[in-house]
Amino acid sequence: MDAITTQEMMGIEERAHAMGVVRLLMMENAGAGVAHHIASKFNDKDLEEKRVLLIAGLGNNGGDAMVAARHLTHYRTDVTVLLIGRSKDIRTEEARTNWSILERMSRSIRLVEFDEHSMNSIRSMIMMDADIIVDGIFGTGIKGSIREPHSSIIDAINANKKAYKVAVDVPSGLDPDTGRYEKCVKADATITFHRVKRGLLISSDVCGKIIVWPIGIPPEAESG
Ligand SMILES: NC(=O)C1=CN([C@@H]2O[C@H](COP(=O)(O)OP(=O)(O)OC[C@H]3O[C@@H](n4cnc5c(N)ncnc54)[C@H](O)[C@@H]3O)[C@@H](O)[C@H]2O)[C@H](O)CC1
Ligand SMILES: [K+]
């Protein structure tokens, strides 16, 4: 299938939602796809020893990462979710639902909410501790220039030279339509949902391996 724009993706998402494949279902399938990719790259024994850091923005890209975190606990992996903000500021109902599930998983997932005072500890968590990093900061909802703390967090992700990095839907910082970026996560793999976004093909050098992952959208939702 050919590449699409974020505008087209939003239309498809709306029609799927109206057909009953609600956003929470699409988010669950998206997050499961991210966890599935990681499980396919590392064997179960490795996964038990790896420290996975999932970095979640306040939108649905972050929500996808929260779902992936929950699915990864199946492998008894050391899972930490770093929210780039306060949970009270999470923008969408689906992401809030998933965050509240994670809050009930305190034995299997560590949750960290961003707090300006701890930028140094967050930087070292990203740069030193993580063996696998999931980038759920921005997806198709990115607008305008990258501000702090996102800018420093993207730098810290790129400064970790040992971690395997998976971008959720779009490497954060990349404009999914034009492929332009000032600063962007350099991923080893990008799990993009339903159909590839045009910007990924324009700047494939920052995406790593591009994997198009189906999230249960009916073909009937494709066109208006
Ligand atoms: N399309 C689908 O069928 C599905 C998409 N999913 C995922 O949802 C994201 C898009 O989510 P959205 O909430 O629209 O936006 P994002 O999460 O990508 O980011 C918006 C988030 O970030 C803030 N923000 C935007 N620009 C900036 C900036 N320059 N600096 C700082 N902050 C910024 C904004 O305020 C929001 O908080 C898509 O990519 C998929 O991953 C579904 O989950 C699955 C189905
Ligand atoms: K992302």
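Every number for a ligand or one of its atoms is a count from 1 in the order of the listing. For clarity, every value in this text was computed on a predicted model and none was experimentally measured.
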With a 6.0 Å cut-off (strictly less than), is the heavy-atom count around [atom1] of [X], excluding the residue itself, greater than 12?
X: Glu93; atom1: CD; answer: no
X: Met19; atom1: CE; answer: yes
X: Lys162; atom1: NZ; answer: yes

Check whether any N, O or S atom of [X], backbone or side chain, sits closer than 3.4 Å to the K ion (ligand 2).
X: Ala65; result: no
X: Val168; result: yes
X: Val170; result: yes
X: Asp169; result: no

What is the closest protein heavy atom to [atom], and at what distance does it sit?
atom: atom 13 (O) of ligand 1; answer: Asn60 N, 2.9 Å
atom: atom 1 (N) of ligand 1; answer: Glu13 OE1, 2.4 Å
atom: atom 28 (C) of ligand 1; answer: Lys143 O, 3.6 Å
atom: atom 37 (O) of ligand 1; answer: Arg91 CG, 3.4 Å
atom: atom 15 (O) of ligand 1; answer: Gly141 CA, 3.3 Å
atom: atom 41 (O) of ligand 1; answer: Asp64 OD2, 2.6 Å
atom: atom 22 (O) of ligand 1; answer: Phe138 CD2, 3.5 Å
atom: atom 10 (C) of ligand 1; answer: Thr140 OG1, 3.3 Å

For ligand 1, does [X] get within less than 4.0 Å through its side chain, its backbone, both, or neither, judged by non-hydrogen atoms?
X: Met27; value: both
X: Ile12; value: neither
X: His150; value: side chain
X: Ala16; value: neither

Ligand-residue contact atoms, ligand 1 with [X], heavy atoms, under 4.0 Å:
X: Met9; result: 1 (N), 2 (C), 3 (O)
X: Gly59; result: 13 (O), 17 (O), 37 (O)
X: Gly139; result: 16 (P), 18 (O), 39 (O)

Straight-line distance of Thr192 OG1 to Met9 CE, nearest 0.5 Å: 8.0 Å
How far apart are the C-alpha atoms of His150 and Phe138, what are their side-chain angles, what is the distance that settles it, and do they pass the side chain to side chain contact (heavy atoms under 4.5 Å, CB included) test? CA-CA 9 Å; His150 303 82; Phe138 305 125; 3.5 Å; yes
Is Arg110 paired with Asp78 through a side-chain N to carboxylate O contact shorter than 4.0 Å? yes
Any sub-3.5 Å donor-acceptor pair from Asn29's side-chain atoms to Ile215's backbone N or O? yes
Asn160 side chain to Ala156 backbone, donor-acceptor under 3.5 Å: no
Of all N, O or S atoms in Asp135, the one closest to the K ion (ligand 2) is O
How about Phe42 and Tyr164: are their ring centroids closer than 6.0 Å? yes
Does the side chain to side chain contact (heavy atoms under 4.5 Å, CB included) test come out yes or no for Trp99 and Val81, once each step is laid out? CA-CA 10 Å; Trp99 181 262; Val81 177; 3.9 Å; yes
Have a look at the K ion (ligand 2) and estimate, to 10 degrees, the angle subtended by O (Phe138) and OG (Ser172). 70°
Distance-only N or O hit between ligand 1 and [X], under 3.5 Å:
X: Asn61; result: yes
X: Ile215; result: no
X: Ile142; result: no

Looking at every heavy atom in both Gly179 and Leu174, which two are closest together, and how far apart are they? O-CD1, 3.2 Å
For residues Thr5 and Asp177, is any side-chain donor paired with an opposing acceptor at under 3.5 Å? no
Could you go through Ile126 and Ile122, starting from their C-alpha distance and side-chain angles, then the distance that decides it, and tell me whether this counts as side chain to side chain contact (heavy atoms under 4.5 Å, CB included)? CA-CA 6 Å; Ile126 296 173; Ile122 283 176; 3.9 Å; yes
Residue-ligand contact Gly57/ligand 1, heavy atom below 4.0 Å: no
In this structure, does ligand 1 have an atom that sits under 4.0 Å from one of the heavy atoms of Ser145? yes
Would Thr178 and Ile202 count as a side chain to side chain contact (heavy atoms under 4.5 Å, CB included) if you check the C-alpha gap in whole Å, the side-chain angles of each, and the deciding distance to 0.1 Å? CA-CA 7 Å; Thr178 64; Ile202 298 168; 5.7 Å; no
Mind checking whether His36 and Trp213 have parallel, tilted or perpendicular rings, split at 30° and 60°? tilted
